[in-house]
Amino acid sequence: MSPSARDARLLRWLAFAAGLASAVLILIVLFLMQESWPVIARYGLVHFVSARGWHPTEGTFNLVPMLAASAATSALAIALATPLGVAAAIFSRFYAAGIVGRLLHWVIVLLAGIPSVVLGLWGLTVIVPLILKVAPPGTSLLAGSLILALMILPTIALTTEAALASLPSAYGIGAAALGLSREAIIINIAIPATKASIFAGVMLASARALGETMAVLMVSGNVVQLPKSLFDPVRTLTANIALEMAYATGDHRASLFVSGLALTAVVLALAAVARRSGGQVVHA
Amino acid sequence: MHSLAVYRSAHRIALRDRTLQLLVLAAVVVITSTFGWLLLDIVWHGANRIGWEFLTAAPRSAGRNGGIAPILLATVLILTVALAVSAPLGLATAILLSEFSRPGGRAGYWIGLSLDILAGVPSIVFGLFGNAFFCVWLGLGFSILSGGLTLACMVLPILIRTAESGLRTVPNDWRLGAAALGISKASALVNVLIPAAAPALVAGLMLGIGRAMAETAALIFTSGYVDRMPASLLDSGRAISVHIYDLTMNVAGGDRSAYASALVLIALLILINGAASWLAERTLKRRITAS
Amino acid sequence: MTITGESEGLVEAVDGKAYTVGPLLSGPPCCRPETQIRVDGLSLGYGGKPALKDVSLDIYRGCITALIGPSGCGKTSLLSCLNRLTDLIPGCRVEGRIMLDGADIHSSGVDVQALRQRVGMIFQKPNPFPLSIRRNLEMPLKEHGITGRSELAARVERSLVDVGLWDEVKDRLDGAALSLSGGQQQRLCMARALVLEPEILLMDEPCSALDPLSSAVVEDLIETLRGRYTVVIVTHNLGQARRIANYAAFFWVNDRAGTLIEFDQCRRLFEQPRHQLTAAYVRGLRG
Amino acid sequence: MRIGTFLLAGLVLATTMQPASSAEGKLVITGSSTIAPLAAEMAKRFEEKSPGTRIDVQSGGSSRGIGDARSGLADIGMVSRALKSDEVDLKAFAIARDGVSLILHRDNVVSALSDQQIVDIYTGKITDWAEVGGKAGPITVVNKAEGRSTLELFLHHFKLKASDIKAQVVIGDNQQGIKTVAGNPGAIGYVSIGTAEFEARAGTPIKLLGMAGVAASVENVRNGSFPLARPLNLVTSAEPQGLTKAFIDFTKSAEAYDLVREQYFVPLGP
C-alpha cells in the first residue's frame with residue numbers, strides 16, 4: 001500500500017474513533033433526557049422547585065433542599081480549602097527552600113490521589129464521632145464540608161502553584177530590587193497577578209465538590225431538609241441519586257435522572273466560568 | 001517627627017510580614033498534620049489485617065473476615081475492559097485532534113467541546129447513564145462489562161486530553177522532516193511521534209487508571225455488588241472502592257477490613273503512579289541514549 | 001513581470017522603472033541549462049495575507065540555484081511549494097503552477113508522498129528522528145517499499161559515505177542519532193534525504209544553525225552534489241551563495257509580499273546586477 | 001492499522017468472554033436488603049447441589065426487586081413485604097417470615113417504648129431521651145430512605161406518612177441502620193428482626209426493643225404474637241420455569257430451613 005493510501009485509511013479510522021468518542025456525550029445527554037422525560041412531562045419543571053418536599057412515595061419531588069445542601073456543603077468546603085490551598089502554594093513557592101517545598105508538593109499530590117471513598121471512610125470513623133460529641137448525630141453538613149475541603153484542597157493548591165510558577169521570575173527580582181519584602185511581593189504582586197488562575201482553580205474545585213458523591217453520602221446524614229445549622233444532617237443531589245437509585249422505579253427513578261440533569265447543568269456552568277477566566281484543567 | 005513616622009510604618013510592615021508568614025505556616029501545619037493523621041490512621045487500622053491471606057482469600061461474613069481476592073480480580077477486570085475500550089479510542093481521537101485537525105477547525109472544535117463537557121459530568125451521572133444504557137438498554141445487566149464500559153466513557157476525556165497535549169509537545173521538526181521524506185502520517189506516528197510522546201501517553205494512561213480505580217459512584221449501579229469470584233465479563237463484580245464503601249456503610253464491624261482494603265487501594269495507586277513515572281523516565285532516557 | 005535567466009535586453013521591473021540589462025558575462029555557464037522545474041506565476045498566502053506574489057523562474061537540472069534576499073521575502077515559502085510541504089501549513093493558499101518535468105505537481109493525480117521522494121528537503125535545524133542512526137535511514141526506505149536486508153544495508157552505507165559520515169559512525173549505527181554533534185546531525189539529515197535517491201534537493205539555510213567548521217564541511221558536501229542532483233538552496237550567507245551556486249534568485253519584499261527581483265547566473269547577479277536593489281543588496285548596503 | 005487491530009481485539013475480547021456457563025445456568029436475583037443475605041446463602045448451597053449454575057444476588061430494596069423482575073434485569077426479585085394491589089402481575093413465593101423491630105444502642109438504658117412514644121419520637125415531638133425515661137441527651141432518629149419496604153411496613157403499622165417523619169439520619173440497607181445505631185448511643189432505628197438478631201449475636205452493640213409488650217424475637221414472629229411481621233417473598237414476572245423454578249422450589253423446601261433459621265428468620269414449614 002502506498003503511503004498516501006495508508007494515510008487515507010488511517011484518517012478514516014481516526015474519524016470513526018473520534019466520532020465514537022463524541023457520540024458518548026450525545027448518548028449521555030439523550031439518555032438522561034429520555035429517562036427523565038416522563039416525570040418532567042407529567043409534573044412540569046416547576047414541580048421540582050415548588051413541590052411540598054421530597055417524598056417519592058407520595059409523588060412529590062422537590063429538589064430545592066438537595067440543591068441547597070449541595071450548594072452549602074460545596075460553598076463551605078471552598079471557604080475552608082481556598083485559603084489553605086493558596087497558602088500551601090505560597091509556602092512551597094516562596095517560603096520553603098528546596099526539599100521542604102517539594103515534600104509539601106508531594107504530600108498534596110498524594111492527597112489528590114486518595115480516593116473519595118477512603119476519605120469518606122476516614123470521615124465516618126474519625127470526623128463524624130468527633131462531631132457527634134459536640135452535637136449529634138455527627139453526620140452533618142459540617143462533616144460533609146470538611147471531607148470535601150480535604151478533597152478539593154489539592155486542586156486549588158496545584159492550580160495556584162502552577163499559576164505562581166508561571167509568573168516571570170523578573171517580577172520577583174524587580175520587586176526585590178525595589179526593596180520590597182517577601183510578604184509585600186506575595187500580597188502586592190504574586191497574588192494579584194495570578195488572581196484569575198486562582199479563581200479558575202476555585203471554580204474547578206467547586207465543580208468537583210458539587211459532583212462528588214460517595215464521600216458526602218457517607219458522612220452527611222442524608223436527611224432531606226434545608227440545613228439550619230452546621231450540625232444538621234443534609235442530603236446533596238449526588239447523594240440522593242446514589243442513595244435512591246438502587247431501588248427507585250417509575251417516576252421516582254425518572255426524578256433521579258432529573259437531579260442528574262440539574263447537577264450536570266450546574267457543574268458545566270462552573271466549568272465554563274473557569275474556562276472563561278483562563279483556567280487550565282489540572283487533572284489531579 | 002519624620003523619622004518616627006518612618007519607624008512606625010516600618011513597624012507596621014514588619015507586623016504584616018510576620019502575620020502573613022505565620023498564617024502560611026499555620027495553614028501548612030494544618031494540611032500536613034491532617035494528611036499525616038489520615039494516612040497514619042489508615043495504616044494503623046489497616047496494616048494488621050493485611051497479609052497473604054487477605055489478598056488471596058474470598059471475603060467471609062460480608063467482608064468482616066476473609067480476604068479480597070475476588071474483589072481485586074473484579075477490579076482488574078473492570079479496569080481492563082475500561083482501558084481496552086478507552087485507550088485505543090482515546091489515542092485515536094487525540095491523534096485526530098493533534099495531527100489532523102486544523103486549529104480553529106470545525107470538527108476539532110466540536111470534538112474538543114464535547115470532551116470538555118464530558119470531563120465536567122459528575123461521576124454519579126455516568127453511573128446513571130451506564131445503568132440506563134449498558135445495563136438496561138443494551139441488556140448487559142449488572143456486569144463487569146457494564147462497569148468497565150461506563151468507566152471507559154468516564155476516563156475518555158482525560159486520556160484524550162493528556163494524549164493530545166503529549167503529541168502536541170512533540171517538536172514539529174520531526175513532522176516536517178517525515179513529510180519531506182514522503183513518509184506517511186501513519187508511519188510517522190508509529191515510528192516517531194507516538195514513541196516520542198510515549199511518556200506523556202503513559203502518564204495520561206496512569207492518570208486514567210488512577211481515576212477509574214478510585215471510582216465508586218459510577219460503579220455501584222453498573223458493575224454491582226456481588227463479592228464472588230467473577231467467572232465471566234457478564235458476571236457482576238464488586239470493585240475495591242465499592243467494597244470499601246459497603247464495608248464502611250453497611251457492615252457493622254467491617255471497619256478494620258475497610259481500612260485494610262483502603263490501604264491496599266492506596267498502595268496500588270501509589271504503585272501505579274510510581275510505575276508510570278519510572279516508565280516515562282525510562283522511555284525518555286532510552287530515546288536519547290540508544291535506539 | 002517575468003524574469004528568467006535567459007532574458008536579455010529590456011526588463012520590466014518594480015517601481016514602474018525599467019532597467020537595461022548589460023551584455024552577458026564571458027565564460028561558460030556552470031552547467032547545461034535544461035529546465036527541470038518551471039515555476040509559473042506562483043503566488044502564496046497565509047490566512048489571506050500574501051507572502052509571495054507572482055513568481056516565475058526556471059530551475060535547471062543538475063545545477064545549484066541559490067535563493068537570496070532579506071528575511072521574510074518568501075524564499076522558504078517558495079522552497080516549501082516545490083515539495084508541497086505547504087499542504088501541511090494551515091491556511092496556506094498557493095496559486096500558479098509548478099511544473100516538474102512538465103507535469104503540474106499540484107494536479108489532483110499527483111501522489112504527494114511519491115513527489116516528496118523525488119524532491120528531498122534539508123531543514124535549517126538538523127531534525128534527525130529520535131531513533132538510531134540506522135533506523136533514521138532505513139525508515140524512509142521501508143516506507144517507500146525497500147525492505148530487502150542487503151539492499152537496505154547497502155543504501156544506508158552508500159548514503160552515509162556520500163555525506164562523509166560513514167567513517168565517523170560506522171561503529172555505532174545503532175546509537176542514538178540525537179547523540180551526534182550538530183554538524184553530524186545535519187549531514188545525517190542529508191544522508192537521509194539522499195538515501196531515497198531523489199532528483200532534487202531543497203535546502204533551507206542548511207548551515208545557519210551550525211558552527212563555522214561544520215558549516216564549511218556541509219558546504220563542501222553540497223558542492224559535491226552538483227551535477228548529480230538539482231539543488232535549490234536558501235541562504236543568507238551571500239559568500240556561500242557566490243561560492244557554490246550556478247544560478248541565483250534575488251527576492252525582495254514589495255507591498256508586504258515577497259517578489260522575485262532578479263534571476264540570473266550567479267556570477268552575473270553578483271557582479272553585474274541589472275536591478276538597483278540587487279546591486280545594493282549584494283554590495284551589502286541594504287537588507 | 002494498529003489502532004484498528006486494537007479496537008478489533010477489544011471487541012473480540014468483549015464478545016468471547018461470554019459467560020462460561022450458558023445463559024440458562026445463571027440467575028440474577030435483586031431486591032430487598034433484608035432477604036439478600038439469606039438468598040445468598042441459599043444460592044451457595046444450591047450451586048453446590050447443582051454444579052454449573054451461578055446465582056448472583058444483589059441487594060437494593062424491595063422496590064428494586066419489583067422493578068428488576070418486571071424489566072427482566074433480574075430473573076427473580078426479592079420483596080420483603082406482601083405484594084400491593086398494583087403488583088399482582090407478578091408471581092410471589094414466600095420463603096420465610098420476618099418482623100421489624102426498633103433497635104437502640106446496647107448502652108441505652110431505655111428498655112421499652114409505647115407505640116405513642118415511638119410515634120412522637122419519629123414525628124419529632126420527643127427529642128430527648130429524658131422524656132422517655134432515659135439518660136438526658138438528644139435522640140438521633142434513624143429512618144429508612146423512601147421506597148424501602150421496611151419503611152412502608154413501619155409507616156403502615158404506626159399509621160404515619162413518609163412526610164410526617166423528622167429524621168436525623170436516613171439510611172438505605174438494614175446493615176447501614178444497624179451500623180449507625182451501633183455507632184451512636186443516642187440513636188434509634190428500626191430494622192429487620194432477623195438481621196438485628198443476627199448482628200446482636202455477632203457482638204454488635206445493639207439491642208432489640210419489644211413492641212406493645214411483646215419481645216422482638218424470632219420466636220414471637222413465628223407464633224404470630226409480634227405485631228410488625230411480614231412475609232419475605234421471591235417474585236417473578238411469569239410462571240417460573242427451568243432453573244428459576246428449581247431455585248424457588250429449593251428455597252421453599254425443607255432443605256433450606258436451617259439456612260432460614262441461621263439468618264434468624266422464620267421458616268414457613270415446621
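For clarity, every value in this text was computed on a predicted model and none was experimentally measured. Proteins come first, then strands; the chains are lettered A, B, ... in the order of their sequence lines, and each starts at number 1. Scope of the values below: all heavy atoms of this structure, side chains included, with no hydrogens, waters or symmetry mates.
- Interface residue L265(B): only side-chain heavy atoms are found under 4.5 Å from chain A.
- Both the backbone and the side chain of A184(A) come within contact range of chain B, with heavy atoms under 4.5 Å apart.
- When heavy atoms are compared at a cutoff of 4.5 Å, E99(B) does not approach chain A at all.
- Heavy-atom distances place both the backbone and the side chain of T264(A) under 4.5 Å from chain B.
- Within the 4.5 Å cutoff, side-chain heavy atoms of P115(A) are placed close to those of L269(B).
- When heavy atoms are compared at a cutoff of 4.5 Å, A207(A) does not approach chain B at all.
- The parts of L128(B) that come within reach of chain A are both its backbone and its side chain, each placing non-hydrogen atoms under 4.5 angstrom from that chain.
- Only the side chain of L153(A) comes within contact range of chain B, judged by heavy atoms closer than 4.5 Å.
- Between the side chain of N222(A) and the backbone N or O of L217(A), at least one donor-acceptor pair lies under 3.5 Å.
- Looking at I31(B), the atoms closer than 4.5 Å to chain A (heavy atoms on both sides) all sit in the side chain, from C-beta outward.
- Looking at I114(A), the atoms closer than 4.5 Å to chain B (heavy atoms on both sides) all sit in the side chain, from C-beta outward.
- Both the backbone and the side chain of L84(A) come within less than 4.5 Å of a heavy atom in chain B.
- E215(B) and S123(B) are linked by a side-chain donor-acceptor pair at a separation below 3.5 angstrom, with hydrogens and angles left out of the test.
- Contact annotation for L156(B): only side-chain heavy atoms (C-beta onward) come within less than 4.5 Å of a heavy atom of chain A.
- Interface remark: L20(B) contributes backbone and side-chain atoms alike to the contact with chain A (heavy atom separation under 4.5 Å).
- Interface summary for chain B: among G120(A), A18(A), A87(A), the most heavy-atom pairs under 4.5 angstrom belong to A18(A).
- For a residue to count as touching a neighbouring chain, one of its non-hydrogen atoms must lie under 4.5 Å from one of that chain's; by this rule L97(B) does not touch chain A.
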Checking F221(B) against F142(B) for the ring-ring contact (aromatic ring centres under 6.0 Å, His included) test, could you report, in this order, the C-alpha distance in whole Å, the side-chain angles of both residues, the deciding distance, and whether it holds? CA-CA 7 Å; F221(B) 309 123; F142(B) 290 93; 8.0 Å; no
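- Contact annotation for D17(B): both backbone and side-chain heavy atoms come within less than 4.5 Å of a heavy atom of chain A.
- There is no side-chain donor-acceptor pair under 3.5 Å between R235(A) and S220(A).
- Heavy-atom distances place both the backbone and the side chain of S241(B) under 4.5 Å from chain A.
- When heavy atoms are compared at a cutoff of 4.5 Å, L32(A) approaches chain B solely by way of its side chain, counted from C-beta outward.
- You'll find the side chain of Y245(B) stays beyond 4.5 Å of the side chain of L121(A), heavy atoms only.
- For L270(A), no part lies under 4.5 angstrom from a heavy atom of chain B.
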ring-ring contact (aromatic ring centres under 6.0 Å, His included), that's the test. Do W137(B) and F31(A) meet it? Break it down for me. CA-CA 10 Å; W137(B) 203 74; F31(A) 262 82; 5.8 Å; yes
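- For L150(A), the part lying under 4.5 angstrom from a heavy atom of chain B is the side chain only.
- For a residue to count as touching a neighbouring chain, one of its non-hydrogen atoms must lie under 4.5 Å from one of that chain's; by this rule I42(B) touches chain A with the side chain only.
- H105(A) places no side-chain N or O within donor-acceptor distance of the main-chain N or O of G101(A), the cut-off being under 3.5 Å.
- Ring planes of F133(B) and F129(B): parallel class, angle under 30° (limits at 30 and 60°).
- Both the backbone and the side chain of V24(B) come within less than 4.5 Å of a heavy atom in chain A.
- Between R238(B) and D246(B), at least one side-chain nitrogen of the basic residue sits less than 4.0 Å from a carboxylate oxygen of the acidic one, meeting the salt-bridge criterion.
- A donor-acceptor pair is defined here as one N or O able to donate and one able to accept, closer than 3.5 Å; no such pair exists between the side chain of Q34(A) and the backbone of S36(A).
- Contacts between L124(A) and chain B at a heavy-atom distance below 4.5 Å involve the side chain alone, from C-beta outward.
- Proximity to chain A is limited to the side chain of I220(B), based on heavy atoms less than 4.5 angstrom apart.
- Between the side chain of R93(A) and the backbone N or O of A88(A) there is no donor-acceptor pair closer than 3.5 Å.
- L247(B) does not touch chain A: none of its heavy atoms, backbone or side chain, sits under 4.5 Å away.
- Looking at L268(A), only its side chain comes within 4.5 Å of chain B, counting heavy atoms on both sides.
- For N191(B) (side chain) and S187(B) (main-chain N/O), a donor-acceptor pair under 3.5 Å exists by modelled atom type.
- Between the side chains of E161(A) and S92(A), a donor-acceptor pair is found at a separation under 3.5 Å.
- Residue F126(B) touches chain A through its side chain alone, counting heavy-atom pairs closer than 4.5 Å.
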